[in-house]
Every structure is written in structure tokens, then in C-alpha cells.
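Count residues from 1 along the sequence. When a ligand or atom number is given, it counts from 1 through the structure's own listing order. Please read these numbers as outputs of a predicted model, since none were measured by experiment.
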Amino acid sequence: MDCGESCVRQKKRRCCLIFCVASVLLVVVLAVVWTLVLRQEKGQVQPVFFARCKTFTGYDCQALWDAFQKAYVQRDHCDVPMEAYDPLIAAAPVEPACNTVMLWSKTKDLVHKFTEKNKCFVTLEDTVLGFVLNVNGLTWCGKKGSNKTFTVGCPKWTDCDNNPVRSFWNRASAAFADAACGDVTVMLNGSIDVPVTPDSTLRRIEVKRLSPPRVKSLTVILVIQENSSTGTNCANASLKDVRKDLDRRIKYKCKEVIESQIQECIDSPRNSCGPCW
Ligand SMILES: *[C@@H]1O[C@H](CO)[C@@H](O)[C@H](O)[C@H]1NC(C)=O
Ligand SMILES: *[C@@H]1O[C@H](CO)[C@@H](O)[C@H](O)[C@H]1NC(C)=O
Ligand SMILES: *[C@@H]1O[C@H](CO)[C@@H](O)[C@H](O)[C@H]1NC(C)=O
């Protein structure tokens, strides 16, 4: 069939239109599928809990899961106080740790890379409960009248104080600080203006629970950058606030340490428990 110039143009335009619509549809379908997959992955608390729990020996993961669920099932989203997790903490007590407790704020990646290599220090996320639930985006909650664990429609961290996730971390942090003994270390971020905010778990809970004479000292390791004009130093007022929260009988020290020095300790870990600073 003969097709004139305008006919060809029309055909081209129709073809283009079909192609555009098909592309848009494909993108929409992919986006929906992707969201569903992500939501499902995020949603599965129980498999994550068991898989991660099983990497630790000496724990009854089923018993821990049961104790975990009891904290929030049959309760409203925003009505789970930290005490609700007492039975869970009792089922997996944090062993008293002398001179190894490592607290942190705003240094999540670096501190965990460091404690992974340097077994002389332990963060909450290296203990069984901290490890099991330290998964980005993992959320859970219950509902009145149900024994199920929900993962959709749960409150966010800042939505209410007594939400199930926040209360878990509050309770676990409290248990971790309670178990501290001897010299305690805290790794803070010296690249930012305020290394410790009043609403951080460190200030709200951990520092206040360090108790003498079990705990002798708290050493702040303030991670700074070489030749940097921005950031904070040990004289910063937010660090003075930490000192104020601390029991007077506990010694306080602050040390500025260049990040590359810590990175070196991560790259070539020492066998002895000598510090990196
Ligand atoms: C300090 O905080 C900044 C900004 O959030 C971040 O980019 C940097 O990685 C942190 N430094 C350390 C040592 O964690
Ligand atoms: C929830 O579990 C408890 C204890 O196992 C049981 O007594 C109760 O009937 C259950 N409730 C529902 C709504 O399934
Ligand atoms: C130090 O701390 C105070 C108050 O906690 C904060 O406002 C200030 O900006 C901080 N940083 C620097 C670099 O001065």
C-alpha cells in the first residue's frame, strides 16, 4: 500500500504514543511490584529474628521470640512502655562486661566496623538481642485483641514515646548500660556541630545508668577529621552536658582521635587488647 508523507508521520506518531504509554505502564507495574517485595521483606520479623538469633550459640530462640512477642501483642501501638520488654531482657541477660562496653552516637557504621574487628570492645548491637533486631527498616507492633505481629501501620520512632520499636531499644540500652563495669568508652562524631543531642539514647538513658563504683570511668572518643576546619572538639557544650549527666564519682575523659587512625586499627587489628587511641 502506498503511504504518503503525512501518513508516515501519522504512523510514526501513533507508534510513539503506543511506545510511551507502554513504557509508563511498565514503570508503574515495576514500581508496584518492587514496593510489594520490599514491604514483604521488611514485614517478616519472625524469619529475621530466628535467622539472626541462630548465629548465636546458647540461646533458646523460640523462648526469646515468645518473650519478645509478649511485650507488644494485645497492646495498642503507642502503649508499649519499655518495661514491657523486661521478660525478654531477663531471658537474654546482658553479661556484665568490664572495660569492654562501647557506647556510641552518630557513628553507627564506624563503631560497628571497629568492634567487628576488635573483640576487646562490644556494642549493644553485638549482643544477641541488639544483633537480632538491628536491621534497617525493621518494624513491628501489635493490636488489641490479636496475638499477631504486625509490620504495616506501625508507628514511626518519633510518632509516640511508647512505641514498640523505640521502647525495645530503650530497654535494651538500659540493660546494656546496667551491665557496664570498669572503664566505659563512647564513640562520638566530631564532624558535626552537636555530637550528642538531648534526645539521643546516650543522654536519655545510657549515661544516666552508668553506676559507680562498678563503673570507674567514661572515655569519650571524639572522631575528628584531619585538617578540618568544621566540626567539634572536646570543649563542646554538648559534651559538658554528658559530663553533667554522669555520676560525679565516675571519671570523665575526652580524646579527639582522627578517623584515619581508627580506620588503621580496623584494617590491621591487633591481637592484644591495647586501645587504638
Ligand atoms: C559523622 O556524621 C556525618 C553526618 O551525619 C557522617 O557523614 C559521618 O560519616 C559521621 N562520621 C562518623 C565517624 O561516623
Ligand atoms: C492469645 O494468646 C493467649 C495465650 O496464648 C490466648 O489465651 C488467647 O486466647 C489468644 N488470643 C487470641 C485473640 O488469639
Ligand atoms: C557545641 O555544643 C553546642 C550546644 O550543645 C552547640 O549549639 C554548638 O553549635 C556545638 N558546636 C560547635 C562547633 O560549637
Side-chain angles (χ1 to χ4, degrees), residues 42 97 99-127 130-131 133-139 156-159 161 165-166 169-170 172-173 176-177 180 183-210 217-248 250-270 273-277:
K42 256 172 80 174
N99 310 324
T100 59
V101 163
M102 174 67 89
L103 308 173
W104 58 273
S105 190
K106 309 257 169 73
T107 53
K108 188 172 186 169
D109 292 343
L110 186 71
V111 77
H112 291 135
K113 266 191 234 157
F114 180 72
T115 61
E116 193 188 316
K117 288 287 162 64
N118 190 322
K119 300 296 176 197
C120 308
F121 290 100
V122 176
T123 63
L124 170 59
E125 294 74 20
D126 298 315
T127 67
F131 179 77
L133 292 161
N134 179 30
V135 178
N136 272 339
L138 194 70
T139 184
K156 291 194 189 71
W157 185 268
T158 49
D159 283 353
D161 280 348
V165 176
R166 188 175 169 135
W169 287 109
N170 285 346
S173 302
F176 191 60
D183 300 321
V184 174
T185 312
V186 53
M187 196 180 280
L188 299 178
N189 192 330
S191 305
I192 49 181
D193 262 6
V194 187
V196 196
T197 54
D199 64 344
S200 62
T201 310
L202 184 69
R203 274 202 68 195
R204 279 187 303 112
I205 296 178
E206 291 166 332
V207 168
K208 287 179 186 147
R209 290 183 83 121
L210 297 177
S217 72
L218 177 70
T219 302
V220 171
I221 298 301
L222 190 64
V223 183
I224 56 167
Q225 304 300 318
E226 211 160 4
N227 305 323
S228 174
S229 55
T230 58
T232 339
N233 58 34
C234 279
N236 184 263
S238 78
L239 297 174
K240 297 228 168 81
D241 290 337
V242 169
R243 192 170 194 174
K244 266 183 237 152
D245 289 342
L246 194 65
D247 189 292
R248 280 268 148 236
I250 298 175
K251 259 194 248 162
Y252 170 92
K253 274 179 283 184
C254 178
K255 216 167 178 179
E256 292 157 20
V257 181
I258 295 167
E259 183 169 357
S260 60
Q261 187 181 330
I262 294 173
Q263 194 59 49
E264 265 171 42
C265 293
I266 294 170
D267 294 338
S268 52
R270 307 167 192 188
C273 270
C276 177
W277 34 79

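Shown here for A180 and V184, the closest heavy-atom pair between the two residues is CB-CG2, 3.8 Å. The shortest heavy-atom contact between V223 and I262 is CG2-CD1, 3.7 Å. Contact record, V196 with S200: CG1-OG, 3.5 Å, taken as the closest heavy-atom pair.
If you run side-chain contact (heavy atoms from CB on, under 4.5 Å) between R204 and each of L202, T201, V207, only T201 comes through.
In terms of modelled atom types and a separation under 3.5 Å, the side chain of T107 and the main chain of M187 share a donor-acceptor contact.
The proximity of K106 to ligand 1, defined as any non-hydrogen pair under 4.0 Å, is limited to the backbone.
Inspection of the D126 and T123 side chains reveals an N or O donor paired with an N or O acceptor under 3.5 Å.
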Hey, what polar pairs (N/O, under 3.5 Å) does ligand 3 make with protein?
{"unit_1": "ligand 3", "atom_1": "2 (O)", "unit_2": "N236", "atom_2": "OD1", "d": "2.7"}
{"unit_1": "ligand 3", "atom_1": "2 (O)", "unit_2": "N236", "atom_2": "ND2", "d": "2.7"}
{"unit_1": "ligand 3", "atom_1": "5 (O)", "unit_2": "S238", "atom_2": "N", "d": "3.3"}
{"unit_1": "ligand 3", "atom_1": "11 (N)", "unit_2": "D193", "atom_2": "O", "d": "2.7"}
{"unit_1": "ligand 3", "atom_1": "11 (N)", "unit_2": "N236", "atom_2": "ND2", "d": "2.7"}

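Every atom of ligand 1 with a heavy atom of T107 under 4.0 Å away is listed here by number and element: 14 (O). Close approach of ligand 1 to L110 (heavy-atom distance below 4.0 Å) involves ligand atoms 13 (C).
A perpendicular orientation is assigned to the rings of H112 and W104, their planes being inclined by more than 60° (bins at 30° and 60°).
Applying the 6.0 Å contact sphere to NZ of K108 captures more than 12 heavy atoms from other residues, nucleotides or ligands.
The shortest N/O to N/O separation between S191 and ligand 1 does not fall below 3.5 Å.
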